[in-house]
Amino acid sequence: MKQRRGIPAGFRSLMILLLAVTLVMAPVSSVLAAAEDASAGNRWGAAADEIDKYLDAAFEAYLAGDAKAAYSNVNDAYFKVYEVTGFERQTMSYVSGPRKNAVELQYSTCKAAVKKDNTDPEVQKEVRTELNKLKSMIREDGNKLAQKDGEEQTVTKYYLNGELTATDPYADYAGDPNAAVTYASWAAAAEALNELLDTAFTAYKGKDFEAAKDNTQTAFYMVYEESGLDHALYKELSVEDRLEVDQRFADLQGLIEGEKFQRNAVQRAIRQLKNVITAKAASLDEAAAAKAAEEAAKAAEEAAAEETTTEDQSWLTFLAAFGIIVREGLEAILVIAAIIAYLAKSGNKKSLKNVYVGGVLGIAASFVAAAILYYVKQAWTGAGQSQEFIEGITALIAVCVLFYVSNWMISKSEAAAWSNYIDGKVQSSVERGSAMALAFTAFLSVFREGAEVVLFYQPMLGEGHANMVWAGFAAGCVLLVFVYLAITKLSIKLPIKIFFTATSILMAVMCVSFLGAGIKELAEGGLFDVVLRVTGIPENDVIQIFGIYPYLETLVPQLILAVILLVTFMMAHYRNKLALKDAEIRKLQGSGN
């Protein structure tokens, strides 16, 4: 049997090698040919056009949800054009090394970007912006190289479905390509870093050791360091964590720069470095999320506490406003009711209408006084320091009025003293037969109390709870109506001594409070500075509603006033006792006669 003669083994190997070279070089040849056809005689413009085409195809694939194709197009733009055409080497030689590193980083940023969610409009804009930024950087560098070689300047090209278009078909997605690179999280920074390491390995296994070295250095200097990831490692985790990453980078760089080609060792070193960086970035993000959650919880707690404090303060304001109108209104009612009772007992009911007229005019005059004070304050101050100044002056005037009224009430706290006061006021008017004098007595009794209310409400209205001031005022007025009807129609008598003593003490407390608030307002108005701070006294809204501030400039005058009030109260109490004894003695002497 004749033996068939086969193809020599050596020839077969040569054929296989030639076929492999052809398969590898075919894409490169097609790229170079396309670049040459795209711009005759313009090497760098044609290369930039081809990169534009790849990057626009990447965005098309990204929008279609084909992340793998999108990633492949960005990768091809780097390896099949940027490297093969010599763009990378020429950029490093004639533009700058750092610029070349920045371009490589942007390639990695784009490769990471096209892996993101393609359904979020904001993310779509972010991806398109990163791709446009890369296109802009490539075109700028290409024009610099073209100028060096005497070639024409070119502009960025846009493609749709592989065909050149006159304008950007994705202009609605484009953002500012010159915006600084930022990372939404440490995981995002780690992803960009890992893309550079993948590019470094691709270059290394292709025996482009210079590109592998450059991408590794870009990963270290332009992402690891510039993003602050290195600083965050030892600040938020530990010094050992940062040293571990630094050492792995150094080991990888040593393998890449080594004389011996160690594909598996480099691949293993890059994989381990990526795993370590990814894990540590995740730990940093978890720590940041925990810290943010803690701060949010703390802020919510503080907001709730502030809301509670504000609510408490608003109710204190309501009670203070309610107490002022009730106290002042009761005093006016007591005067008017006493006058009415005296006229009824003495057979002078015809003069009652004068009392009512005087009382109504007193109420009206009180509202007029409030309006005048408000508009004068607005015209004089407007806002700012002058506003604080006039509020301080008003508060100090209120202090003087409170001091006087408090002492007046404690002096009239005995029923006999109160009766003598009313009898003296009314009897003289009736004896003179003067309707005007009687009406004026009622008017003054009501207007004096109304004017005091106006003065007392002014500082309270400036504390930020005006609605609660008016609510307290309205509630107090409703109560006063029922009190007036009970006293005049049902002949209910209030315990004069208890009422006058309690309200005089309340007014003394308000007197001290208004003094502190008035001094503080004058200081805020720029009249002087409060600098002598007292430690141990809290500074919050609840305490400050009582006029207590942690400054000697307010506390010392308040202490002095409190001592004066205490002395005057003791003296008034002593005088009342003497007056009672004198009244008893006169009564005994009268009965003896």
So, taking the atom named [atom1] in [X] and the one named [atom2] in [Y], what distance separates them when rounded to the nearest 0.5 Å?
X	Y	atom1	atom2	answer
N75	E195	CG	CD	8.5 Å
L145	D149	CG	CG	7.0 Å
I51	D56	CD1	CG	12.0 Å
W186	E191	CH2	CD	15.0 Å
D66	S72	CG	OG	9.0 Å
E151	N42	CD	CG	4.5 Å

Backbone of [Y] reached by a side-chain donor or acceptor of [X] within 3.5 Å:
X	Y	result
T216	Q253	no
R43	T85	yes
S283	A279	yes
D120	E122	yes
N161	E163	no
T154	G45	no
K135	K157	yes

Cationic tip of [X] within the cone over [Y]'s six-membered ring, i.e. under 6.0 Å and within 45° of the normal?
X	Y	result
K144	Y94	no
K125	Y173	no
R128	F59	yes

(Q) Under the salt bridge (charged side-chain N to carboxylate O under 4.0 Å, His left out) test against R99, which residue among E140, E88, E104 passes? (A)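 For R99, the salt bridge (charged side-chain N to carboxylate O under 4.0 Å, His left out) test succeeds with only one of E140, E88, E104, which is E140.
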Please name the pair of heavy atoms, one in [X] and one in [Y], separated by the smallest distance, quoted to 0.1 Å.
X	Y	result
A61	A69	CB-CB, 3.9 Å
L255	A265	CD1-O, 3.8 Å
N118	A64	ND2-C, 4.1 Å
Y159	K53	CD1-CA, 3.5 Å
I270	L197	CD1-O, 3.6 Å
A203	A212	CB-N, 3.7 Å

Q | From CA spacing to verdict: side-chain hydrogen bond (donor to acceptor under 3.5 Å, both in side chains), D241, S238 | A | CA-CA 5 Å; D241 287 285; S238 69; 2.4 Å; yes
Do [X] and [Y] pair up side chain to side chain, a donor and an acceptor below 3.5 Å, judged on atom types alone?
X	Y	value
D251	Q247	yes
N215	Y78	yes
D246	Y224	yes
K133	T109	no
Q106	E130	yes

Quick one: are [X] and [Y] in side-chain contact, heavy atoms under 4.5 Å?
X	Y	result
V81	D76	no
Q217	D214	yes
Y158	L160	no
L243	L233	no
Q262	N264	no
Q267	R271	yes

Q) For E126, which residues count as a salt bridge (Lys or Arg N to Asp or Glu O under 4.0 Å) partner, sequence neighbours excluded? A)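 Salt bridge (Lys or Arg N to Asp or Glu O under 4.0 Å) check on E126 returns K116.
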Would you call [X] and [Y] a salt bridge, using N to O less than 4.0 angstrom?
X	Y	result
D49	R139	yes
K213	E257	yes
E244	K280	yes
D141	K100	no

Q | Stepwise side chain to side chain contact (heavy atoms under 4.5 Å, CB included) test for T199 and S108 | A | CA-CA 8 Å; T199 304; S108 295; 4.0 Å; yes
Q. Under the criterion side-chain contact (heavy atoms from CB on, under 4.5 Å), which of T218, V223, D198 is the partner of L193?
A.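 So, applying the side-chain contact (heavy atoms from CB on, under 4.5 Å) to L193 and each of T218, V223, D198, only V223 qualifies.
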Q. So E60 and Y62, side chain to side chain contact (heavy atoms under 4.5 Å, CB included) or not? Walk me through it.
A. CA-CA 5 Å; E60 287 180 31; Y62 163 77; over 6 Å; no
Q. Which of parallel (below 30°), tilted (30 to 60°) and perpendicular (above 60°) describes F249 and F220?
A.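 Perpendicular, since the angle between the ring planes exceeds 60°.
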Q. Once the angle between the rings of F87 and W44 is folded into 0 to 90°, is it parallel (under 30°), tilted (30 to 60°) or perpendicular (over 60°)?
A.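 Judged by the thresholds at 30° and 60°, the geometry between F87 and W44 is perpendicular.
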Q.
Can you tell me if K291 has over 12 outside heavy atoms packed within less than 6.0 Å of its NZ?
A.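 12 or below, so no.
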(Q) For E152, is the CD atom crowded, meaning more than 12 foreign heavy atoms sit under 6.0 Å from it? (A)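 Atom CD in E152 is not crowded, with 12 or fewer foreign heavy atoms closer than 6.0 Å.
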Q) Can you name the side chain to side chain donor-acceptor pair (under 3.5 Å) partners of T167, sequence neighbours left out? A)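 With neighbours one apart ignored, the set is empty.
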Q. Do L229 and I277 pass the side chain to side chain contact (heavy atoms under 4.5 Å, CB included) test, and can you show the C-alpha distance, the side-chain angles, and the key distance before you say yes or no?
A. CA-CA 9 Å; L229 180 56; I277 288 174; 4.3 Å; yes
Q: Run the ring-centre check on F261 versus Y204 and record whether the distance is less than 6.0 Å.
A: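 When the ring centroids of F261 and Y204 are compared, they turn out to be within the sub-6.0 Å range.
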(Q) Go through it in stages, so that I can follow the logic: the residues are V74 and L131, the test is side chain to side chain contact (heavy atoms under 4.5 Å, CB included), and I'd like the CA-CA distance, side-chain angles, deciding distance and then a yes or no. (A) CA-CA 9 Å; V74 179; L131 291 169; 4.2 Å; yes
